[in-house]
Student: 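Let me give you the structure first, and then I'll get to my questions.
Each chain gets a letter, A, B and so on, in the order the sequences are listed, and its residues count up from 1.
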Amino acid sequence: MTGALRAAALPLLVFGLLAAAPFLGLGAGWAMTLLARAMILGIAALSLWLVVGGAGLVSLGQAAMLGIGAYAVVVLDAAGVTEALVVTPVAIGAAALFALATGAVAMRTGGVSFIMITLAFGQMAFFTASSLAIYGGDDGYTLYGRSTVAGARWMQDRLAFHYLCLGLLLGSFLLCRMLLASRFGRVLRAARENALRAQAVGFEPYPYRLVAYAIAGGIAGLAGFLLANATEFVAPSFLAWQRSGDLLFMVILGGLGSPFGAVLGALAIVLLEEWLGHLTQHWRLIFGPLLVLAVLFLRGGLVGLGRRHG
Amino acid sequence: MTAQLLLVQALNGLQFGVLLFLVAAGLTLVFGVMDFINLAHGVQYMLGAYLGASLAAATGSFWLGLLLALPAALACGLALEWLVFRHLYDRDHLAQVLATFGVILFLNEAVKVIWGSAPLQVPIPDALQGGIALMPGLVYPVYRVAILAAGLATAALLWLLVERTRAGALVRAGASNRPMLAAMGVDTGRLFMLVFGCGAMLAGFAGVMAAPILSVDPGMGDTVLILAFVVIVIGGIGSVRGAFVAALLVGVIETLGRSLLPDVMRLFLAPSPARQAGAALGSMLVYIAMALILAVRPRGLFPARAG
């Protein structure tokens with residue numbers, strides 16, 4: 001019992017802090033924008049965690065799914081549809097479908113080839129987005145206002161948007177935890193530890209991994225929908241491989257052992273970048289070595305930090 | 001689109017491929033022999049270009065700059081190996097990826113602090129100014145021919161080193177089965193340093209050679225890095241021969257695709273959408289080729305590791 005409580009203590013603390021943040025002196029515009037961005041990238045990192053930590057497959061193409069979610073907002077906006085109840089399912093569905101189609105091919109390989117094939121599909125999506133002249137091409141597309149919910153414009157409200165992002169982050173986190181604890185997740189973990197043995201006891205990893213990849217794509221699509229609404233601007237850089245890399249770094253820094261690691265990694269990287277950026281223009285001179293030190297001394301990532309002392 | 005244009009672009013592609021090979025050779029050996037993913041390899045290329053540029057400016061001679069930049073690049077590579085990388089050899093790939101990314105951030109920023117973020121210009125050395133008439137009406141810059149020649153010569157030298165010397169045999173043995181090599185009593189730590197130093201120097205050499213024709217800026221390593229990874233995966237990780245074939249292939253596909261596809265698309269589409277679609281498709285071509293090759297041969301064209 002105490003063990004379960006201890007395991008839940010850190011997530012409870014962090015989600016509690018995020019919920020209280022607007023009333024702890026972080027209610028200003030720039031702080032809320034920053035926190036929303038951190039939470040949205042947290043959702044995207046969670047989706048990648050499902051693939052890397054859950055299924056044991058390293059992907060360098062997660063930004064494509066994020067970008068497809070964002071471009072779903074753009075395409076529907078250009079067609080005059082701004083209703084979130086329509087846009088959100090389309091964003092999630094489109095990203096999941098892309099993941100399903102590309103995953104079906106990529107899963108035929110493994111290891112480094114999987115990294116490179118997901119990168120290849122990501123790059124194809126990136127160059128496609130930059131050639132879409134009707135949606136701004138390289139220059140991107142400016143949205144005039146956020147999506148409406150059942151006709152109401154409450155996503156425009158800073159506080160409401162904050163709690164929307166927080167709620168969806170919490171929801172995605174619980175979904176990932178539930179998935180991993182289920183029978184489905186057990187097969188996924190078994191295949192991650194030893195694919196041959198999983199096969200020998202009658203579980204072909206392929207369909208399980210593919211479904212996990214598609215679910216991850218859907219979650220990333222949701223993050224894309226939120227990101228487009230948060231910035232009210234979408235550009236091909238949403239799909240760049242550097243962003244896939246950033247998401248991967250968040251997941252690794254946070255730690256692969258638990259989905260909460262992805263949330264922690266995203267928050268840590270976004271907030272640390274911002275804080276160091278305020279200290280000095282050349283914040284990367286500090287941030288880079290910090291990453292190296294984190295790898296050398298924090299085995300198991302940021303989530304391992306609380307666990308060891310706990 | 002004439003035959004001459006096609007020839008010029010094919011030569012440009014080969015020359016780009018040769019540069020890619022110089023970067024990819026070190027990457028594939030480090031990955032193949034040490035099982036170490038070094039994202040910071042692109043930074044070695046950038047460092048080479050910056051060192052070459054500033055040493056050439058300081059000494060007033062491109063050749064002296066080149067000569068001094070090589071040991072400097074080697075020293076940088078060895079220093080990085082000693083400071084950071086050697087502590088990562090026994091860690092998993094993801095830890096290596098994150099740590100070497102940290103190194104990239106640091107060095108890109110350090111370069112910005114030292115040399116500024118504006119691109120540096122390096123003049124083409126006097127001896128290699130001008131052009132050669134390849135055929136009537138077709139003049140090709142001498143410097144680009146020199147890059148091609150230098151790259152091919154380095155490739156030949158590397159081939160001799162890897163295929164015909166004792167050190168090369170050890171490197172190949174390491175790429176094929178590393179634990180076995182260590183069990184036979186070979187000091188893999190020293191071998192790693194040798195491979196690492198050579199790789200860093202080759203990437204630095206590519207950077208110096210590329211400096212006069214490309215802009216020397218803080219992000220130049222990142223663009224090359226991703227293509228170098230494409231090259232080593234297509235070629236088969238750990239295989240220098242594979243890297244050579246794949247680098248030329250990627251160089252030609254990338255260059256021809258980007259320059260010719262917009263024209264080809266014009267045969268089917270109106271000019272403006274043709275330019276857009278052609279540019280996108282041309283940039284995608286390398287990745288499409290990689291996906292196709294990996295779908296058929298998941299271990300690359302010339303797999304080096306013992307299955």
Student: Nearest 0.5 angstrom please: B:L105 CG to A:I286 CD1, how far?
Tutor: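 Between B:L105 CG and A:I286 CD1, I get 12.0 Å after rounding to 0.5 Å.
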
Student: In terms of heavy-atom pairs under 4.5 Å with chain A, which of B:V113, B:L107, B:L281 leads?
Tutor: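 The candidate making the most pairs under 4.5 Å is B:V113.
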
Student: Less than 4.5 Å to any heavy atom of chain A: does that hold for the side chain of B:I104, its backbone, both, or neither?
Tutor: neither

Student: Nearest heavy-atom pair of A:L291 and B:F101: which atoms, and what distance?
Tutor: CD1-CD2, 3.7 Å

Student: Can you see which heavy atom on A:I252 is nearest to which on B:L94, and at what distance?
Tutor: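 Looking at all heavy atoms of both residues, the shortest contact is CD1-O, 3.4 Å.
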
Student: Between A:V251 and chain B, which part of the residue has a heavy atom less than 4.5 Å away: side chain, backbone, both or neither?
Tutor: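 Nothing of A:V251, per the 4.5 Å heavy-atom cut-off to chain B.
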
Student: Relative to chain B, which segment of A:V105 carries a heavy atom at a distance below 4.5 Å: side chain, backbone, both, or neither?
Tutor: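 No part of A:V105 comes within 4.5 Å of chain B.
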
Student: Pull every donor-acceptor pair under 3.5 angstrom between chain B and chain A and give the atom names with distances.
Tutor:
{"unit_1": "B:R91", "atom_1": "NH1", "unit_2": "A:V295", "atom_2": "O", "d": "2.9"}
{"unit_1": "B:R91", "atom_1": "NH2", "unit_2": "A:V295", "atom_2": "O", "d": "3.0"}
{"unit_1": "B:E109", "atom_1": "OE1", "unit_2": "A:R284", "atom_2": "NH1", "d": "3.1"}
{"unit_1": "B:E109", "atom_1": "OE2", "unit_2": "A:H282", "atom_2": "ND1", "d": "2.8"}
{"unit_1": "B:Y287", "atom_1": "OH", "unit_2": "A:Q123", "atom_2": "NE2", "d": "3.1"}
{"unit_1": "B:P298", "atom_1": "O", "unit_2": "A:S113", "atom_2": "OG", "d": "2.7"}

Student: Within the structure provided, determine whether B:L98 and A:L248 are in side-chain contact (heavy-atom separation under 4.5 Å).
Tutor: no

Student: Side chain from CB out, backbone as N, CA, C, O: work out which of these in A:L253 comes under 4.5 Å of a heavy atom of chain B, or both, or neither.
Tutor: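 Backbone plus side chain of A:L253, per the 4.5 Å heavy-atom cut-off to chain B.
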
Student: Any idea which of B:I288, B:L285, B:V84 has the most non-hydrogen atom pairs under 4.5 angstrom with chain A?
Tutor: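 Of the candidates given, the most pairs with chain A belong to B:I288.
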
Student: Can you give me the closest heavy-atom contact between B:A280 and A:F127, atom names plus distance?
Tutor: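 Looks like CB-O, 3.4 Å.
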
Student: Which atoms of B:V230 are under 4.5 Å from chain A, going by heavy atoms: the side chain, the backbone, both sets, or neither?
Tutor: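 Looking at B:V230, backbone and side chain both touch chain A.
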
Student: From A:I115 CD1 over to B:I37 CD1, what is the distance, rounded to the nearest 0.5 angstrom?
Tutor: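 Result: 5.0 Å between the selected atoms.
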
Student: Using heavy-atom distances under 4.5 Å, tell me whether B:V233 contacts chain A through its side chain, its backbone, both, or neither.
Tutor: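 For B:V233, the side chain is the part near chain A, not the backbone.
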
Student: Is atom CD1 of B:I114 surrounded by more than 12 heavy atoms (other residues, nucleotides or ligands) closer than 6.0 Å?
Tutor: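 Above 12, so yes.
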
Student: Given side chains that start at C-beta, do those of B:V97 and A:F249 come closer than 4.5 Å, heavy atoms only?
Tutor: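 A side-chain contact under 4.5 Å exists here.
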
Student: Side chain from CB out, backbone as N, CA, C, O: work out which of these in B:L39 comes under 4.5 Å of a heavy atom of chain A, or both, or neither.
Tutor: side chain

Student: If we only count heavy atoms from C-beta on, is the B:L83 to A:V292 side-chain gap below 4.5 Å?
Tutor: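 No, every pair of side-chain atoms sits at 4.5 Å or beyond.
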
